Amino acid sequence: MKSTGSFLIIGPPITGKTRSLGTLPGRTILFNWELEGYLALRVPYVVCKSLRDFWKEGRELKQTTPGVRPTEVIVVDYLVRPGSISEMKEVQLDRNHFLNFIKDANSLPEHLEEFDYIGADSLGPFATEALDFIIALNGRNTPQIQDYRDAIKKIMEVLFRIQGLGKPLIMLAHFQTERDEISGKGRQVPQVWGKDLPQNVLKWFSTILQSIAIPDGKGGTSYLWKTKPEGLVESLGGRPPFADNLPATIPQDFKALFERIPK
């Protein structure tokens, strides 16, 4: 089963965002920017430090061992950085971290038949690495106003290029609370740097869902999506266009969700 479009899954920590990627009905490449965030997956996965090396080594995303569930996710982990700890006050920025991701993303078009979905976990550290990339590229270690502008352009370029591959993109994001200048009330927006970026990024995805976790009454936890997200998300029209036909909350299951999307 395949579906097109882009998804932004927003929610507090430990509400099933990464876990939900395991319900994607196909092979997934997960670009991971969270420290061991992939451990929340409940399906078989493999981890590598470079997607390009993964392709060169001829490794397959799915195992064929009889009786063993196929590996469904390849996690490209960008946060493990070998080396010594700096003794200086400031951390020296390294543009190679984000550059390696760009090179991995540019390898995707040659391998479109080998995966079905693209995941990114999560927006906050991803955007921070993009900003650090621009700052370092400009030969500085501290940001200037132009760096923020260039970083936003780079983030837009990355997201739009990946969406242009024709494979569904699922970006995960945490919440942060800020004060609405008009109403004076607190509102929840994606956790990411900048004054305008938290609001603008909502416009770059076709479907926005809000993750929640509640007790199931049996000693366990039910992981759900709000199909009509509240506050700023809803005001931007960022709920899925088919949400009028959905309950207010649904189980976090991409396969079931895709079955509800009109073709």
Side-chain angles (χ1 to χ4, degrees), residues 1-9 11 13-82 100-101 103-105 107-123 125-126 162 165-174 207 209 211-213 216 218-225 250-259 261:
M1 178 185 304
K2 294 184 179 181
S3 176
T4 58
S6 56
F7 298 79
L8 183 63
I9 310 297
I14 317 177
T15 54
K17 296 185 296 297
T18 305
R19 183 190 185 106
S20 70
L21 297 178
T23 68
L24 287 166
R27 298 165 294 179
T28 302
I29 293 175
L30 172 56
F31 294 118
N32 181 59
W33 301 93
E34 294 283 353
L35 185 60
E36 297 186 338
Y38 51 82
L39 296 180
L41 290 169
R42 292 298 185 270
V43 296
Y45 61 86
V46 295
V47 181
C48 66
K49 308 306 176 189
S50 166
L51 185 60
R52 288 160 292 147
D53 289 343
F54 184 90
W55 303 133
K56 290 178 182 178
E57 293 170 5
R59 299 167 64 184
E60 294 184 0
L61 190 54
K62 286 205 170 187
Q63 299 170 348
T64 57
T65 306
V68 177
R69 186 175 181 181
T71 298
E72 298 172 354
V73 182
I74 172 174
V75 179
V76 191
D77 196 344
Y78 294 106
L79 277 197
V80 177
R81 301 168 183 171
N100 287 334
F101 159 73
K103 291 180 178 180
D104 282 345
S107 75
L108 293 173
E110 300 177 5
H111 300 272
L112 292 178
E113 298 302 318
E114 300 179 47
F115 66 95
D116 304 293
Y117 303 96
I118 303 169
D121 189 7
S122 63
L123 174 64
F126 165 79
I162 290 179
L165 294 175
K167 305 283 186 175
L169 168 66
I170 301 94
M171 172 72 80
L172 310 182
H174 296 290
T207 299
L209 297 169
S211 65
I212 58 173
D216 62 5
K218 302 177 182 178
T221 302
S222 293
Y223 296 96
L224 305 171
W225 284 323
I250 58 174
Q252 294 183 13
D253 186 332
F254 275 105
K255 184 175 184 294
L257 177 67
F258 293 160
E259 291 173 347
I261 298 178

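Keep in mind it's a predicted model, so treat the numbers as computed, not measured.
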- prompt: How would you list, by chain and number, every residue that makes a salt bridge (Lys or Arg N to Asp or Glu O under 4.0 Å) with Glu110, sequence neighbours excluded?
  reply: none
- prompt: Which residues satisfy the salt bridge (Lys or Arg N to Asp or Glu O under 4.0 Å) test with Asp104, sequence neighbours excluded?
  reply: Arg52
Classify the ring geometry between [X] and [Y] as parallel (under 30°), tilted (30 to 60°) or perpendicular (over 60°).
{"X": "Trp225", "Y": "Phe254", "result": "perpendicular"}
{"X": "His111", "Y": "Trp55", "result": "parallel"}
{"X": "Phe7", "Y": "Phe258", "result": "tilted"}

Should [X] and [Y] count as side-chain neighbours, where that means a heavy-atom distance under 4.5 Å?
{"X": "Phe115", "Y": "Leu108", "value": "yes"}
{"X": "His174", "Y": "Pro13", "value": "yes"}
{"X": "Cys48", "Y": "Ile74", "value": "yes"}
{"X": "Thr207", "Y": "Leu257", "value": "no"}
{"X": "Phe31", "Y": "Phe126", "value": "no"}
{"X": "Val76", "Y": "Ile29", "value": "yes"}

Closest non-hydrogen atom pair, [X] against [Y]:
{"X": "Ser107", "Y": "Leu51", "answer": "OG-CD2, 3.9 Å"}
{"X": "Pro109", "Y": "Leu165", "answer": "CG-CD2, 3.7 Å"}
{"X": "Pro25", "Y": "Tyr117", "answer": "CG-OH, 3.4 Å"}
{"X": "Ser211", "Y": "Ile9", "answer": "CB-CG2, 4.2 Å"}

I need the [X] [atom1] to [Y] [atom2] distance, nearest 0.5 Å.
{"X": "Thr28", "Y": "Ile118", "atom1": "OG1", "atom2": "CD1", "answer": "9.5 Å"}
{"X": "Lys49", "Y": "Asp77", "atom1": "NZ", "atom2": "CG", "answer": "4.0 Å"}
{"X": "Asp216", "Y": "Thr221", "atom1": "CG", "atom2": "OG1", "answer": "6.5 Å"}
{"X": "Thr18", "Y": "Asp121", "atom1": "OG1", "atom2": "CG", "answer": "3.5 Å"}
{"X": "Leu8", "Y": "Leu169", "atom1": "CG", "atom2": "CG", "answer": "9.0 Å"}
{"X": "Lys167", "Y": "Ile162", "atom1": "NZ", "atom2": "CD1", "answer": "13.5 Å"}

query: Do the side chain of Gln252 and the main chain of Thr23 share a donor and acceptor less than 3.5 angstrom apart?
result: no
- request: May I ask you to decide if Arg27's main-chain N or O and Glu72's side chain share a donor-acceptor pair within less than 3.5 Å?
  value: no
message: If we check side-chain contact (heavy atoms from CB on, under 4.5 Å) with Val73, which of these qualifies: Leu21, Leu30, Val46, Leu24?
response: Leu30
- request: Mark yes when over 12 heavy atoms from residues, nucleotides or ligands other than Ile14 sit less than 6.0 Å from its CD1; otherwise mark no.
  value: no
query: Going through the checks in order, is the side-chain contact (heavy atoms from CB on, under 4.5 Å) test met by Leu39 and Tyr45?
result: CA-CA 9 Å; Leu39 296 180; Tyr45 61 86; 3.1 Å; yes
